[in-house]
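Structure, as structure tokens:
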Amino acid sequence: MHRRIIAPGALAAATLMLAIPASAASHTPGAPGIGDPYYPAYGNGGYDVSHYDLRLQYQPATDELEGTATILAKTTQDLSSFDLDFLLDVSEVRVNGAKASFTTSGQHELVITPKTPLDKGTSITVVVRYSGVPSTKSAYGFNTWHRTPDGAIAADEPEAAWWWYPSNDHPLDKATYDVSVAVPDGTQVISNGLLQSTSSKLGWTQYNWRENKPQATYLTTLAIGKFDITTGTSEDGVPVVNAYSKDLGDNDGAARASVERTGELVDWLSGYFGPYPFSSAGGYVPNTTTGYALETQTRVYYSPKQFANGANTSVVVHELAHQWYGDSVSLKGWKDIWINEGFARYAQWLWSEHEGEGTTQELADYVYDSHPADDAFWTVKPGDPGPDDQFDIAVYDRGALAIQALRNAVGDDAFFAILKGWPQEHAYGNASVADFEAYAERVSGKSLGALFDTWLFQPSKPAARAARGAAITGSAVAVRPKSWKKIAATNSVH
């Protein structure tokens, strides 16, 4: 046993501590992660963001980015400090006008300690001044900032924000956005939502974009370069903004022949999913070497490689379907990825049926028959695939199979009511696979637990196809639908 000796000075300090109000002593740091088991360090605890105002200046020649981010949020606990996810070099942080101290931690954490602790329920304004060269920054061995011959783009999943603005980087904390970027005259800026204004001064042009509906951080996008921009309005009245790099080469025609149909496809999807949920639609095709497409909110990112073999409206349908399933209704945790990818894939099946190139049932039968029971395809559980298999093809194809099985189990009337009602039930919010199952049961009046377990959670091939009517184990192998080649060409998309 060691006897503890308290010096007079320490005794005085202890007495002083007793005089500190208990409320101040209860303030603790916000968690460095939001609590997602797939990505424990992503997002942060202790606050909820309502709006990001980003004021940036970018020099394409050197990839130098300077910025001031103003973040409006409210604390959800008594906070002594809190984190933002960020990689660039910070010069100053203020919280409610007062300078705050800051440091970095881990791979991508900016730790901020305000001058005075923050009580739970406090509205806060956080201002972060920063600069850096995004292409030189990496975390976990990768970089999601993509240089182009005339600029750069930010578009990736599940993370992309760290390279250009500080954030609470998880879909659970959605917010509205103002993105204002100054670039040298002759260079253009594309982002989410609608362009509010442009202005030029002393050789620089400033673009001001606004997304007025809640948006997940990974769905924010920034494209800087030289574009041909087209604008229009869909037949149902949705503004459409598309952009194409001026150096797409041979892929230019096919890209335009696909993406220029955005307005038509938004209106078509509205027939299945309900009114389009945002103020604008569109997409952009920059000159990048990446192979994927991404459902960045209102302004879809497409790789030129998606159009290397000609026009492909199927990829446009996939990404636009995400505007309802993934963007308006976002996942609660990354394990809920099926709600994003299964339904976007199923939208491609619906488009195939619409085009007379194979029904959803024919596609389901073909997918089922294409994978023997010992295929690793069946070991991936779309309802909780794990971080390593989050974007495995099974999440898409087996995920769409599950949706066809649901359709056959509840009947078309209930199924299409579910398809259209779900995005309205959870509009601009977050939901889980369990939430969807509960909703489908409520609308259909059927118990669906066994069906969802079989198609989404069992690491084995279901005993029978997702067949209409009685279960079929049939020996005949399904014929490959005409649309399959176009659908398979989109296997690298998100």
Side-chain angles (χ1 to χ4, degrees), residues 269 271-274 321 324-326 329 331 335-354 358-371 373 377-385 393-426 431-478 481 483 487:
L269 285 165
Y272 288 102
F273 298 154
W324 287 266
Y325 281 81
V329 185
L331 42 74
K335 70 181 180 62
D336 300 311
I337 191 67
W338 168 71
I339 295 179
N340 293 21
E341 302 304 348
F343 284 87
R345 178 65 103 202
Y346 196 78
Q348 294 176 268
W349 290 12
L350 289 169
W351 179 245
S352 167
E353 191 166 274
H354 172 77
T359 67
T360 60
Q361 187 63 58
E362 289 167 345
L363 284 158
D365 291 345
Y366 180 73
V367 169
Y368 182 89
D369 290 349
S370 296
H371 299 279
F377 175 88
W378 300 108
T379 66
V380 176
K381 299 176 289 184
D384 188 1
I393 191 60
V395 175
Y396 297 69
D397 285 350
R398 187 179 175 183
L401 269 176
I403 296 167
Q404 183 66 28
L406 172 66
R407 178 178 178 177
N408 293 336
V410 303
D412 277 4
D413 288 348
F415 175 75
F416 287 112
I418 292 166
L419 208 61
K420 184 174 287 187
W422 171 258
Q424 297 172 52
E425 178 90 355
H426 295 280
S432 66
V433 173
D435 293 330
F436 183 85
E437 180 181 335
Y439 179 77
E441 289 185 334
R442 173 157 57 88
V443 173
S444 68
K446 293 180 179 287
S447 176
L448 299 170
L451 181 145
F452 280 106
D453 182 62
T454 296
W455 291 96
L456 294 182
F457 294 102
Q458 289 301 316
S460 57
K461 185 173 184 176
R465 289 175 178 170
R468 191 174 301 280
I472 297 173
T473 57
S475 56
V477 176
S483 62
I487 293 171

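One-based numbering along the sequence shown.
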Expected output: side-chain Lys335 to main-chain Gly383 donor-acceptor under 3.5 Å: no
Close side-chain approach of Arg407 and Phe416, heavy atoms under 4.5 Å: yes
Exam field: side chain Gln404 to backbone Ala400, donor-acceptor pair closer than 3.5 Å: no
Neighbour count >12 (heavy atoms, 6.0 Å) for atom NZ, Lys446: no
Any donor-acceptor N/O pair, Asp369 side chain to Ala478 backbone, under 3.5 Å: yes
Exercise: identify the closest heavy-atom pair between Ala321 and Ala344: CB-CA, 4.0 Å
Value rounded to 0.5 Å, distance of CD1 in Ile418 from CG in Leu406: 5.0 Å
Check: Trp378 and Pro462 side chains under 4.5 Å, non-hydrogen atoms: yes
Side chain to side chain contact (heavy atoms under 4.5 Å, CB included) evaluation trace for Asn408 with Thr360: CA-CA 11 Å; Asn408 293 336; Thr360 60; over 6 Å; no
Distance in Å, Tyr272 OH paired with Trp351 CH2, rounded so as to fall on 0.5 Å steps: 10.0 Å
Exercise: identify the closest heavy-atom pair between Leu451 and Ala405: CD1-O, 3.5 Å
CA sep, side-chain torsions, deciding dist, call: Trp349, Ile487, side chain to side chain contact (heavy atoms under 4.5 Å, CB included): CA-CA 8 Å; Trp349 290 12; Ile487 293 171; 3.9 Å; yes
Qualifying residue, where the test is ring-ring contact (aromatic ring centres under 6.0 Å, His included) with Phe343 and the options are Phe436, Trp324, Phe273, Trp422: Phe436
Nearest atoms (heavy-atom pairs only) where Asp336 meets Ala431: OD2-O, 4.1 Å
Residue of the set Pro385, Pro382, Ser432 for which side chain to side chain contact (heavy atoms under 4.5 Å, CB included) holds with Trp338: Pro382
Side chain to side chain contact (heavy atoms under 4.5 Å, CB included) assessment of Lys381 paired with Leu456: CA-CA 5 Å; Lys381 299 176 289 184; Leu456 294 182; over 6 Å; no
Cationic N near anionic O, under 4.0 Å, Glu437 to Arg442: no
Atom of Arg398, atom of Thr454 and distance for their closest heavy-atom approach: NH2-O, 3.0 Å
Between CG on residue Asp397 and NE2 on residue His371, distance to nearest 0.5 Å: 6.0 Å
Pair Glu425-Tyr439, side-chain donor/acceptor within less than 3.5 Å: no
Where Lys420 and Gln424 come nearest, the two heavy atoms and their spacing: O-NE2, 3.1 Å
Worked check of side chain to side chain contact (heavy atoms under 4.5 Å, CB included) between Glu341 and Tyr325: CA-CA 8 Å; Glu341 302 304 348; Tyr325 281 81; over 6 Å; no
Closest non-hydrogen atom pair between Leu363 and Pro481, with its separation: CD2-CG, 3.7 Å
Pairwise distance CG(Asp413) to OG(Ser444) - rounded to 0.5 angstrom: 12.0 Å
Member of Ile339, Asn340, Val433 meeting the side chain to side chain contact (heavy atoms under 4.5 Å, CB included) criterion with Leu331: Asn340
Output field: ring centroids Phe415/Tyr346 closer than 6.0 Å: yes
Donor-acceptor contact below 3.5 Å, side chain Ser352 vs main chain Gln348: no
Flag, side chain of Glu362 to backbone of Thr359, donor-acceptor distance under 3.5 Å: yes
